[in-house]
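See structure below.
All values reported here derive from a predicted model rather than from experimental measurement. Keep in mind that the numbers below use all heavy atoms, side chains included, and drop hydrogens, waters and symmetry copies.
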Amino acid sequence: QVQLVESGGGLVQAGGSLRLSCAASGLSFSTYYMNWFRQAPGKEREFVAGISWSGSGYYADSVKGRFGISRDNPKNTVYLQMNSLKRDDTAVYYCAARRGAGYSSPDMHYWGKGTLVTVSS
């Protein structure tokens, strides 16, 4: 039974920071690429950031320089550090896992249920 559980979402003021966590269970965590997606109301789900087994990260253009993805394999946890938050960052953020490289939503093998991030101005 694979489970991905996100946490850390909430309300934050524009310009502030927030760190999301995704705790994984039921899979060999270190063998999976871990990713973050987000979906704002009325919009399509979009890729935010991904990280390889070795810790090499990749980011969407909209968050480059502001967000940082990391993973702690012994804790089976992936993080998304969000800095300089903007109103456009408001969305439900989802953790996703894929056994290999891939940055599109259909490529993901497992999904969490999401955590809401609301950025106010």
Contacts of type side-chain contact (heavy atoms from CB on, under 4.5 Å), residue Lys64, not counting sequence neighbours | Tyr59, Asp61
May I ask you to test the Ser120-Val12 pair for a side-chain heavy-atom distance under 4.5 Å?
-> no
Please examine the side chains of Trp36 and Val78, heavy atoms only from C-beta on, and report whether any two atoms are closer than 4.5 Å.
-> yes
Applied to residues 29-42, the salt bridge (charged side-chain N to carboxylate O under 4.0 Å, His left out) test, sequence neighbours excluded, yields Arg38-Glu46, Arg38-Asp89
Evaluate the criterion side-chain contact (heavy atoms from CB on, under 4.5 Å) for residue pair Val48 and Leu80; output intermediate values, then yes/no.
-> CA-CA 9 Å; Val48 176; Leu80 184 67; 4.2 Å; yes
Taking C-beta and beyond as the side chain, do Met34 and Leu4 meet within less than 4.5 Å on heavy atoms?
-> yes
For residues 62-95, pull every pair meeting ring-ring contact (aromatic ring centres under 6.0 Å, His included), keeping only residues two or more places apart or in separate chains.
-> none
For Gln81, side-chain hydrogen bond (donor to acceptor under 3.5 Å, both in side chains) partners two or more places apart | Asn83
Between CZ of Arg71 and CD1 of Ile51, what distance do you get to the nearest 0.5 Å?
-> 6.0 Å
Between Ser84 and Ser17 the two heavy atoms that sit nearest each other are N-OG, 4.4 Å
So, do Val119 and Lys86 sit near enough that their side-chain heavy atoms are less than 4.5 Å apart?
-> no
Under 3.5 Å, side-chain donor or acceptor atoms of residues 19-30 against the rest of the protein: list the pairs with distances, not counting sequence neighbours.
none

Check whether any side-chain N or O of Thr115 sits under 3.5 Å from a backbone N or O of Ser7 as a donor-acceptor pair, and report yes or no.
-> no
Establish, from distance only, whether the side-chain atoms of Ser56 and Ser54 form a donor-acceptor pair under 3.5 Å.
-> no
Side chain of Arg98, backbone of Asn35: donor and acceptor closer than 3.5 Å?
-> no
Side chains of residues 101-113: which donor-acceptor pairs under 3.5 Å do they make with residues two or more places apart or in other chains?
{"residue": "Ser104", "atom": "OG", "partner": "Asp107", "partner atom": "OD2", "Å": "2.6"}
{"residue": "His109", "atom": "ND1", "partner": "Arg99", "partner atom": "N", "Å": "3.0"}

Would you check if the side chain of Ser62 reaches a backbone N or O of Ala60 as a donor-acceptor pair within less than 3.5 Å?
-> no
Heavy-atom closest pair (Ala91 atom, Ala40 atom, distance to 0.1 Å) is CB-N, 3.8 Å
Here the gap from Arg87 atom CZ to Thr118 atom OG1, rounded to the nearest 0.5 Å, amounts to 10.0 Å
Check: Thr31 main-chain N/O paired with Trp53 side-chain donor or acceptor under 3.5 Å | yes
